[in-house]
Amino acid sequence: NVDFGTPNVRILNYKGPPVTINAVETIAKIWGQVQVPAGFAGRLLNIQISYEDAVDGKKKTVNAPVEVRVADSDERFQEGINNNLVSEFQYYQGLEEYYGHLARGELKEATRTMNQLSTSAEQTRRTDLIEATKRLSEKQEETLRLGGSAESTNKLLKEVASETTKRTR
């Protein structure tokens with residue numbers, strides 16, 4: 001169980017907050033965002049992770065406070081931004097948006113979002129994301145060539161849902 005100490009966190013890849021994960025084999029990534037008010041300094045979040053230790057069966061808790069301080073210059077602010085992480089988050093956010101457009105039958109908007117996804121994938125420089133985006137783009141083009149029928153769109157939706165889950169968890 002992962003609690004963020006505030007309901008103001010928008011989680012991208014799980015339901016919550018709080019986030020409950022039944023079992024973890026390796027590392028679990030929880031993608032989310034929270035607004036930081038201008039000029040804010042201090043503790044933004046107090047993340048609390050509770051789990052049952054598989055070795056001794058005891059409940060354990062780990063606290064991870066997130067502290068924010070005001071940068072003393074624009075340059076220091078820019079240095080503090082992990083652009084690769086931001087690009088990767090934008091990619092996953094775009095994947096969710098793309099799925100939403102497809103689910104609502106908004107094929108033009110889905111195409112626009114796919115173009116943005118391609119740009120985000122390139123910015124991450126991750127070949128797995130670039131290749132996955134090309135694959136989804138080709139499947140979307142195939143769906144459009146088939147006239148965007150319900151059957152072909154549902155097939156694409158399943159593919160996108162699978163890709164979204166695989167990439168964000």
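To the nearest 0.5 Å, atoms CZ (Arg76) and CG (Asp74) are separated by 12.5 Å. Annotation: the span from Glu106 atom CD to Arg112 atom CZ amounts to 10.0 Å, rounded to 0.5 Å. In this structure, CE in Met114 is found 12.5 Å from NZ in Lys134, a value given to the nearest 0.5 Å. Distance check: Thr113 OG1 to Glu97 CD gives 4.0 Å after rounding to the nearest 0.5 Å. The distance from the NZ atom of Lys29 to the CG atom of Asn13 is 10.0 Å, given to the nearest 0.5 Å. Atom CG of Leu129 and atom OG1 of Thr127 lie 8.0 Å apart (nearest 0.5 Å).
The shortest distance between side-chain heavy atoms of Ser152 and Glu142 does not fall below 4.5 Å. Here the side chains of Ile130 and Glu122 are in contact, with some heavy-atom distance below 4.5 Å. Put simply, the side chain of Gln123 reaches to within 4.5 Å of the side chain of Thr119, judged on heavy atoms. A heavy-atom distance below 4.5 Å is not found between the side chains of Lys15 and Ile11. When side chains are defined from C-beta on, Leu45 counts as touching Thr6, because their heavy atoms get closer than 4.5 Å. For the pair Arg125 and Asn84, the minimum side-chain heavy-atom distance is below 4.5 Å. Using a 4.5 Å heavy-atom cutoff, the side chains of Tyr51 and Val24 are not in contact. Put simply, the side chain of Asn63 does not reach to within 4.5 Å of the side chain of Ile47, judged on heavy atoms.
Both Leu136 and Leu157 are assigned to one and the same hydrophobic cluster, defined by single-linkage of ILVMFWY side chains at heavy-atom distances under 4.5 Å. Val86 and Val66 fall into different hydrophobic clusters, where Ile, Leu, Val, Met, Phe, Trp and Tyr side chains are chained together by heavy-atom contacts under 4.5 Å.
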Next on the checklist: Working note: Phe4 + Val19, criterion side chain to side chain contact (heavy atoms under 4.5 Å, CB included); need CA distance, chi angles, decisive distance, verdict.
Outcome noted: CA-CA 9 Å; Phe4 298 91; Val19 172; 4.0 Å; yes
Next on the checklist: Apply salt bridge (Lys or Arg N to Asp or Glu O under 4.0 Å) to residues Arg135 and Glu163 and explain how you reach the verdict.
Outcome noted: CA-CA 10 Å; Arg135 213 171 35 254; Glu163 192 66 34; 3.5 Å; yes
Next on the checklist: I'd like to know whether Leu107 forms a side chain to side chain contact (heavy atoms under 4.5 Å, CB included) with Leu102, so could you lay out the CA-CA distance, the side-chain angles of the two residues, the decisive distance to 0.1 Å, and finally the verdict.
Outcome noted: CA-CA 6 Å; Leu107 297 180; Leu102 288 174; 3.8 Å; yes
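Using modelled atom types, one finds no donor on one side chain facing an acceptor on the other under 3.5 Å when comparing Gln48 with Asp3. For the residue pair Gln33 and Gln93, a side-chain donor N or O sits within less than 3.5 Å of a side-chain acceptor on the partner. With no hydrogens or angles considered, a side-chain donor-acceptor pair links Asn1 and Thr20 at under 3.5 Å. For the residue pair Tyr92 and Glu96, no side-chain donor N or O sits within less than 3.5 Å of a side-chain acceptor on the partner.
Contact record, Pro17 with Val9: CD-O, 3.5 Å, taken as the closest heavy-atom pair. Considering all non-hydrogen atoms of both residues, Thr111 and Gln140 come closest at OG1-NE2, 2.8 Å. Minimum heavy-atom separation, Thr133 to Ser118: CG2-OG, 3.5 Å. The nearest pair of heavy atoms linking Tyr91 to Ala132 is OH-CB, 4.4 Å. Of all heavy-atom pairs between Phe40 and Arg43, the closest is CZ-O, 3.6 Å.
Ion pairing between Asp53 and Lys60 holds under the 4.0 Å rule for side-chain N and carboxylate O. Using a cutoff of 4.0 Å between basic side-chain nitrogens and carboxylate oxygens, Lys58 and Glu52 are not scored as salt-bridged.
Sorted by first then second residue, the ring-ring contact (aromatic ring centres under 6.0 Å, His included) pairs that include residues 96-128, not counting sequence neighbours, number zero.
Crowding of Gln35 atom CD: a count of heavy atoms from other residues, nucleotides or ligands under 6.0 Å not exceeding 12. Around the CD atom of Glu75, the shell of radius 6.0 Å holds no more than 12 heavy atoms that belong to other residues, nucleotides or ligands. More than 12 heavy atoms of other residues, nucleotides or ligands lie within 6.0 Å of CZ in Arg104, so this atom counts as buried by the packing criterion.
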